[in-house]
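Report on one structure; see the data block that follows.
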Amino acid sequence: MPTVLRWNGYRFYFFSNEGSEPPHIHVDKAGSTAKYWLEPVALARNVGYSAKELKEIEVKVSQERAAFLEAWRVHFG
């Protein structure tokens, strides 16, 4: 479960067994979790985050998208 980024208490990561899915990133903080597709950036799943938190996370995912995609490609080949 490679962690790609830690920011403002959020952990951005992916699971090592998810290479068959399109590129995406999971985001956890304080018992809440979300999954964002990276191409294009879009919310796939949310458990526990408010709309305000999701907007903040989506902005960060958009800003870090290139780095997340590079980490995905390096990990999954």
Side-chain angles (χ1 to χ4, degrees):
M1 197 172 358
T3 297
V4 182
L5 176 69
R6 290 187 185 272
W7 172 77
N8 282 359
Y10 294 101
R11 177 174 168 242
F12 296 78
Y13 66 96
F14 50 82
F15 291 99
S16 291
N17 64 347
E18 293 185 318
S20 60
E21 289 190 31
H24 62 276
I25 197 82
H26 295 269
V27 187
D28 289 356
K29 181 179 180 180
S32 297
T33 188
K35 176 179 175 179
Y36 281 86
W37 301 116
L38 296 175
E39 294 180 317
V41 172
L43 179 64
R45 183 179 63 241
N46 170 42
V47 178
Y49 287 118
S50 68
K52 180 181 177 186
E53 290 170 313
L54 289 172
K55 183 59 181 168
E56 178 181 42
I57 295 166
E58 186 170 327
V59 167
K60 189 63 174 174
V61 169
S62 295
Q63 291 171 343
E64 301 292 336
R65 180 180 169 270
F68 292 160
L69 285 168
E70 178 63 18
W72 180 277
R73 290 182 182 121
V74 166
H75 187 76
F76 292 110

Between the CD1 atom in Ile25 and the CD1 atom in Ile57, the distance rounded to the nearest 0.5 Å is 11.5 Å
Between the CG atom in Leu38 and the OG atom in Ser62, the distance rounded to the nearest 0.5 Å is 9.5 Å
Go through Lys35 and Glu21 one step at a time and tell me if the side-chain contact (heavy atoms from CB on, under 4.5 Å) criterion holds.
-> CA-CA 12 Å; Lys35 176 179 175 179; Glu21 289 190 31; 2.7 Å; yes
Are Phe15 and Phe76 connected, step by step, through hydrophobic side chains (Ile, Leu, Val, Met, Phe, Trp, Tyr) whose heavy atoms are closer than 4.5 Å? no
Nearest heavy-atom approach of Glu53 to Gly48 is OE1-O, 4.2 Å
Between the CG atom in Leu54 and the CG atom in Asn46, the distance rounded to the nearest 0.5 Å is 4.5 Å
Would His26 and Thr33 count as having a side-chain donor-acceptor pair, cut-off 3.5 Å?
-> no
Only one of Trp7, Phe12, Tyr36 passes ring pair (Phe, Tyr, Trp, His ring centres under 6.0 Å) with Phe68, and that residue is Phe12
Examine Tyr13 and Leu5 and state if one hydrophobic cluster contains both, with Ile, Leu, Val, Met, Phe, Trp and Tyr joined whenever side-chain heavy atoms are less than 4.5 Å apart.
no
Query raised in the report: Is Glu56 salt-bridged to Lys29, cutoff N-O under 4.0 Å?
Result: no
- Query: Hey, any chance Val59 and Tyr10 share a hydrophobic cluster, counting ILVMFWY side chains that come within less than 4.5 Å of each other, even indirectly?
  - Reply: no
Separation between CD (Glu18) and CH2 (Trp72), nearest 0.5 Å, reads 6.0 Å
Quiz item: With the 4.5 Å side-chain cut-off for hydrophobic clustering, are Phe14 and Trp37 part of the same group?
Solution: no
